[in-house]
Amino acid sequence: MCDYKNIMEDMVEQVYDKIKDQLDCCQCQCCRNDIIAYALNQLPPHYVVSHEGKLYAKMYLMKEQHSMDITSALTKGAMLVREHPRH
Ligand SMILES: [Zn+2]
């Protein structure tokens, strides 16, 4: 199967799951999606063809600057959601 995919979505979800306990924010599905959507709007999309996705994501996140960018976008999103929870 050859399909394209924005792997930034997977990476943001991965980082979210790693740091969600430090975000000090509601972790229900709705708030989680709000935070992730906010972060994704801050970050550049990264499209790859799906079979390359896993490897590419691994390499991308190995760069500390990249994980830091994602972490800070998620942190900002969490701050906004904490102030205006939608649930
Ligand atoms: Zn919530």
(message) Exactly one of Leu43, Asn6, Asp17 should register a side-chain contact (heavy atoms from CB on, under 4.5 Å) with Val12. Which one does?
(response) Leu43
(request) Starting at CD of Glu9, measure out to CD of Gln14 and round the result to the nearest 0.5 Å. (result) 13.0 Å
(request) Return the minimal non-hydrogen interatomic distance between Cys31 and Cys26, and the atom names on each side. (result) CB-O, 3.5 Å
(request) Locate the shortest heavy-atom distance separating His87 from Cys28; write the atom from each residue and the value. (result) ND1-SG, 3.5 Å
(request) May I ask you to decide whether Asp10 forms a salt bridge with Lys5, counting only side-chain N to carboxylate O separations under 4.0 Å? (result) yes
(request) Rounded to the nearest 0.5 Å, what's the gap from CD1 on Ile7 to NZ on Lys58? Could you check? (result) 13.0 Å
(request) Sequence neighbours left out, what passes side-chain contact (heavy atoms from CB on, under 4.5 Å) with Tyr4? Give chain and number order. (result) Tyr47
(message) Applying ring pair (Phe, Tyr, Trp, His ring centres under 6.0 Å), can you list everything that pairs with Tyr60, at least two apart in sequence or on another chain?
(response) His46, His66
(request) To the nearest 0.5 Å, tell me how far Lys20 NZ sits from Glu13 CD. (result) 11.0 Å
(request) Find the distance between CZ (Arg82) and CG (Leu23) and round it off to the nearest 0.5 Å. (result) 8.0 Å
(request) Look up atom OH in Tyr56 and atom CE in Met8, then write down how far apart they are to the nearest 0.5 Å. (result) 8.0 Å
(message) Is there a side-chain contact between Ile70 and Leu61 in this structure, where contact means two heavy atoms from C-beta onward sitting under 4.5 Å apart?
(response) yes
(message) Please list all pairs meeting side-chain hydrogen bond (donor to acceptor under 3.5 Å, both in side chains) that have one or both residues in residues 22-39, counting only residues at least two apart or in different chains.
(response) Asp21-Gln27, Asp34-Arg86
(message) Hydrophobic clustering (ILVMFWY, side-chain heavy atoms < 4.5 Å, transitive) - are Met79 and Leu74 grouped together?
(response) no
(request) State which residues pass side-chain contact (heavy atoms from CB on, under 4.5 Å) with Gln65; sequence neighbours excluded, sorted by chain then number. (result) Met68, Asp69
(message) If I compare all heavy atoms of Val48 with all of Gly53, which pair ends up nearest, and what's the gap?
(response) CG2-CA, 3.6 Å
(message) Within the structure provided, determine whether Ile35 and Cys25 are in side-chain contact (heavy-atom separation under 4.5 Å).
(response) yes
(request) Could you tell me which residues satisfy side-chain contact (heavy atoms from CB on, under 4.5 Å) with Thr71, sequence neighbours excluded, listed by chain and number? (result) Val15, Ile19, Thr75
(request) Check side-chain hydrogen bond (donor to acceptor under 3.5 Å, both in side chains) between Asn41 and all other residues, then give those that pass, not counting sequence neighbours. (result) none
(message) Less than 4.5 Å apart, side chain to side chain, heavy atoms only: is that true for Val49 and His51?
(response) yes
